[in-house]
Amino acid sequence: MTAAVARAVRFDRYGDRDVLYVADIDMPAPGEGEVVVEVRAAGINPGEAGIRSGAMHEMFPATFPCGEGSDLAGVVTATGPGVTEFAIGDEVLGFSFRRSSHATHTAVPVDQLVRKPPQLSWEAAGSLYVVGATAYAAVRAVAPQPGETVAVSAAAGGVGSLVVQLLVLREARVLGIAGEGNAEWLRAHGVIPITYGAGLAERLREAAPDGVDAFIDLFGPDYVQLAVDLGVAPQRIDTIISFQKAGEVGAKTEGSTDASTPEVLTEIADLIVSGAVDFDIAATFPLERVADAFEELERRHTHGKIVLLPNGSR
């Protein structure tokens with residue numbers, strides 16, 4: 001690869017993982033208020049799989065050939081006109097709204113980046129944005145108060161594992177809905193595990209005889225209906241995925257776009273660095289194995305983030 005060429009994930013049509021490929025592209029050039037980042041780590045997320053498959057076409061249509069990726073961390077290699085916030089060689093983390101982070105290099109506006117704490121691993125820094133902003137927004141949306149009971153579906157997933165920890169930090173009583181295999185992790189983080197499946201409503205009522213005060217849905221519309229059936233007020237229900245159902249019942253739909261700020265990113269990073277919040281990395285893949293990374297993600301049973309390392313492990 002020459003200095004004038006970068007590598008990036010692309011797809012030319014909607015489809016399964018086999019539509020993904022890695023292509024040579026022109027090295028990005030920074031525009032006004034932008035820097036180019038050599039990407040050391042970039043997380044992958046379910047929403048990216050939804051965009052690639054066409055399932056999210058109405059909300060997030062793709063223009064082909066399409067790139068992908070929002071999360072990123074790396075090193076600044078070039079600065080554009082007017083940039084004073086960062087210099088070449090600075091280590092940063094942040095996000096792209098251009099579906100461009102699954103690449104060796106990408107241009108990013110400086111207001112979508114923060115400095116990477118030295119204590120934060122590349123893998124964690126590069127996969128923090130989507131889950132961090134989503135979890136922050138969802139918790140803020142239901143406004144938990146100390147002592148209140150909050151139920152969370154998909155409580156041990158990438159977003160869920162952060163949501164439950166943020167709720168515990170707010171001194172809420174957290175009911176984490178997940179598979180039995182995640183019960184030990186949930187207990188270790190101050191969460192009451194509730195196994196999903198038949199009889200879930202009864203198990204939740206038994207665990208919360210005085211009622212559930214708020215509900216965060218990270219999985220699907222059945223959980224929004226369950227929250228209503230449990231008597232949770234619509235304004236105390238937030239879903240990051242079940243938009244149609246939320247509209248039907250009056251629930252909130254606050255997610256990553258509602259907390260996509262450098263301040264939120266800095267706060268989440270600081271919580272991880274301080275040890276107040278655990279942030280697990282499940283697996284890493286080179287850029288060329290992006291399809292394998294999504295195969296692992298789409299099994300929906302991985303605890304922790306799956307991360308691409310576009311420039312190798314350093």
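Remember, it's a predicted structure, so these values are computed and weren't measured experimentally.
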With no hydrogens and no angle check, is any side-chain donor or acceptor of R98 less than 3.5 Å from a backbone partner on T106?
no

Within 6.0 Å of CZ in F11, more than 12 heavy atoms from elsewhere:
yes

So which heavy atom on S101 is nearest to which on G69, and how close?
OG-C, 2.9 Å

Identify the two heavy atoms, one from S127 and one from I281, that lie closest to each other, and give their separation to 0.1 Å.
OG-CD1, 3.8 Å

How long is the span from the CD1 atom in I216 to the OG1 atom in T134, to the nearest 0.5 Å?
11.5 Å

Spatial distance of atom CG (L204) from atom CD1 (I194) [nearest 0.5 Å]:
5.5 Å

Taking V164 as the starting point, is it possible to reach I192 by hopping between hydrophobic residues whose side chains are less than 4.5 Å apart?
no

Could you tell me whether the side chains of S96 and Y129 share a donor-acceptor contact shorter than 3.5 Å?
no

Give every residue pair that meets the salt bridge (charged side-chain N to carboxylate O under 4.0 Å, His left out) criterion with at least one member in residues 195-223, sequence neighbours excluded.
none

Filter on salt bridge (charged side-chain N to carboxylate O under 4.0 Å, His left out), then keep only pairs touching residues 143-167, sequence neighbours left out; what's left?
E148-R236

Which pairs count as side chain to side chain donor-acceptor pair (under 3.5 Å) when at least one residue sits in residues 60-79, sequence neighbours excluded?
N45-D71, E68-H102

Any pair counted as side chain to side chain donor-acceptor pair (under 3.5 Å), so long as it reaches residues 283-294, sequence neighbours left out
R289-D292

Give every residue pair that meets the ring-ring contact (aromatic ring centres under 6.0 Å, His included) criterion with at least one member in residues 141-187, sequence neighbours excluded.
W185-H189, W185-H303

Taking NZ, NE, NH1 and NH2 as the nitrogens, is one of them in E184 or R187 under 4.0 Å from a carboxylate oxygen of the other?
no

Between D24 and R7, is there a side-chain N and carboxylate O pair less than 4.0 Å apart?
yes

Using side-chain contact (heavy atoms from CB on, under 4.5 Å) as the criterion, list what pairs up with A49, not counting sequence neighbours.
R52, F294, E298

